[in-house]
Protein chains: 2
Amino acid sequence: MDPNYDQESRSRSAPTGEIDNQPAEKKRRLTVEQVNMLEKSFEEENKLEPERKTELAKMLGLPQRQVAVWFQNRKARCKIMKIERDYDVLKACYDSLLAKHESVISENEKLKSKVFTLTEMLLPAAHQTQRNLQGKLNSKGDDETMSSSTALVPLANDHYFTNVDETFGWWVWPSNLM
Amino acid sequence: MDPNYDQESRSRSAPTGEIDNQPAEKKRRLTVEQVNMLEKSFEEENKLEPERKTELAKMLGLPQRQVAVWFQNRKARCKIMKIERDYDVLKACYDSLLAKHESVISENEKLKSKVFTLTEMLLPAAHQTQRNLQGKLNSKGDDETMSSSTALVPLANDHYFTNVDETFGWWVWPSNLM
DNA sequence: TTTTAATGTAATGGC
DNA sequence: GCCATTACATTAAT
């Protein structure tokens with residue numbers, strides 16, 4: 001499945017070679033063993049102390065300079081990988097929050113509807129109270145024509161429910177209902 | 001300010017062997033003029049057709065290969081810059097949404113409180129209805145000890161208001177209030 | 001098969 | 001030592 005590119009074909013200089021003996025050649029590509037060891041070492045400790053560098057270089061048969069370069073490049077790679085991970089994490093958070101937000105919005109709508117319903121349910125009581133008061137004041141009542149939409153209490157509508165705090169700002173509750 | 005390198009190519013024979021004939025040694029860095037021109041050209045057109053490549057190379061005194069490589073690297077840089085920009089944009093969106101979310105949550109709390117208040121306001125009416133029913137059933141009423149928290153209707157609490165749909169699921173509205 | 005875009009990796013030089 | 005830059009290699013896609 002995976003193309004087994006052998007590690008020997010690319011690296012012309014021997015793995016044991018200290019410094020490339022070929023003058024004009026640039027050596028490329030470390031062997032998989034070298035990379036594995038470097039990777040393992042990097043995982044253990046991101047920072048490369050001079051001592052470790054020397055040790056690694058000797059173990060891998062590489063110039064210290066190359067080991068140091070490898071670590072630097074590895075760190076750089078690490079950094080951009082981090083950026084990508086951060087993006088993915090943030091994206092997930094965003095999506096999650098968005099879902100939650102929509103859920104709350106939905107709940108909000110239901111609550112508004114509920115408040116509306118409850119308010120309408122309170123209208124007869126308010127009406128009753130009002131009628132009682134009126135009955136006491138002028139002992140004359142005609143209430144048959146008064147529907148909820150023409151009640152003394154203004155009919156609640158969407159506008160009133162837009163700002164929750166003001167929903168009942170305009171109305172004083174009858175004392176017998178408080 | 002900038003070290004003026006000559007633009008003659010370097011490069012030795014590569015395994016894949018490109019057109020490399022100049023024996024000149026390692027010259028890295030391009031001059032600012034070269035970079036400026038490449039940059040300008042890149043802004044105009046991200047894609048590098050062979051013709052443009054030839055023209056640019058001639059204009060800059062660089063091997064075509066080097067121009068091509070520069071464009072490749074420039075694209076790569078472009079990409080990671082894009083990732084960073086995307087992150088920033090997403091972050092801003094997230095913060096904005098979070099603020100909105102919290103605002104809605106706050107409104108939600110107020111609505112719940114409102115529903116709670118309205119429900120309590122409805123209790124006397126419900127109580128009254130219940131008392132009337134009881135009066136008809138057993139003609140015996142003691143209601144003085146009945147506070148809102150011990151009303152026949154369960155007292156609404158936070159739990160009941162957590163899920164809006166169930167807020168009144170447990171209670172049947174008295175027919176005279178519907 | 002040839003070319004190239006995209007990606008990965010090694011190396012250089014400046015600060 | 002960290003960083004951006006340059007260069008080369010490799011793989012996928014055409």
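Model, not experiment: these values are computed from the prediction. By convention in this document, chain letters (A, B, ...) are assigned in the order of the sequence lines, proteins followed by strands, and residues within each chain are numbered from 1.
- Following rounding to the nearest Å, A:Asn73 (CG) and D:dG1 (P) show an atom-to-atom distance of 14 Å.
- Relative to the side chain of B:Lys79, the nucleotides C:dA10, C:dT7, D:dA7 differ in distance, and C:dT7 lies closest.
- No side-chain donor-acceptor contact under 3.5 Å links A:Ser106 to the backbone of A:Glu102.
- Distance, A:Arg29 CZ to D:dT11 C1': 11 Å, rounded to whole Å.
- Under a hydrophobic clustering in which Ile, Leu, Val, Met, Phe, Trp and Tyr are joined whenever their side-chain heavy atoms come within less than 4.5 Å, directly or via other members, B:Met37 and B:Val35 fall into the same cluster.
- Taking atom NZ of residue B:Lys82 and atom C1' of nucleotide C:dA6, one finds them 15 Å apart after rounding to whole Å.
- Among D:dT6, C:dT12, C:dA10, the nucleotide with an atom closest to any side-chain atom of A:Arg77 is C:dA10.
- Taking atom CZ of B:Phe71 as the reference point, atom C1' of C:dA6 lies 16 Å away to the nearest angstrom.
- Note on A:Leu90: it clusters hydrophobically with B:Leu97, by side-chain heavy-atom contacts below 4.5 Å among ILVMFWY residues.
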Can you pull every protein N or O that's under 3.5 Å from an N or O on nucleotides 3-5 of chain C?
| from | atom 1 | to | atom 2 | distance (Å) |
| --- | --- | --- | --- | --- |
| C:dA5 | OP1 | B:Lys47 | NZ | 2.0 |

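- Straight-line distance from the CD1 atom of B:Ile80 to the P atom of C:dG8: 12 Å, rounded to whole Å.
- Taking atom CG on B:Leu30 and atom P on C:dT12, their separation rounds to 17 Å, with Å as the unit.
- Regarding contacts with the backbone of D:dT6, a side-chain N or O of B:Trp70 is found under 4.0 angstrom from either OP1 or OP2.
- A perpendicular orientation is assigned to the rings of B:Phe42 and B:Trp70, their planes being inclined by more than 60° (bins at 30° and 60°).
- If you take CZ of A:Arg65 and P of C:dT12, they are 6 Å apart, rounded to a whole angstrom.
- Across the strands present, D:dT14 finds no partner; the criterion is a Watson-Crick or G-U wobble pair with both atom distances under 3.5 angstrom.
- The neighbour count for A:Lys75 NZ, taken as heavy atoms of other residues, nucleotides or ligands under 6.0 Å away, is above 12.
- Under the 4.5 Å side-chain heavy-atom criterion for grouping Ile, Leu, Val, Met, Phe, Trp and Tyr, B:Leu62 is connected to B:Met59 within one hydrophobic cluster.
- Distance from the side chain of A:Gln66 is smallest for C:dA11 among the nucleotides D:dA7, C:dT7, C:dA11.
- The number of heavy-atom neighbours closer than 6.0 Å to CD of B:Glu51, taken from other residues, nucleotides and ligands shown, is 12 or below.
- In this structure, B:Phe42 places its CZ atom 15 Å from C1' of D:dT6, rounding to the nearest Å.
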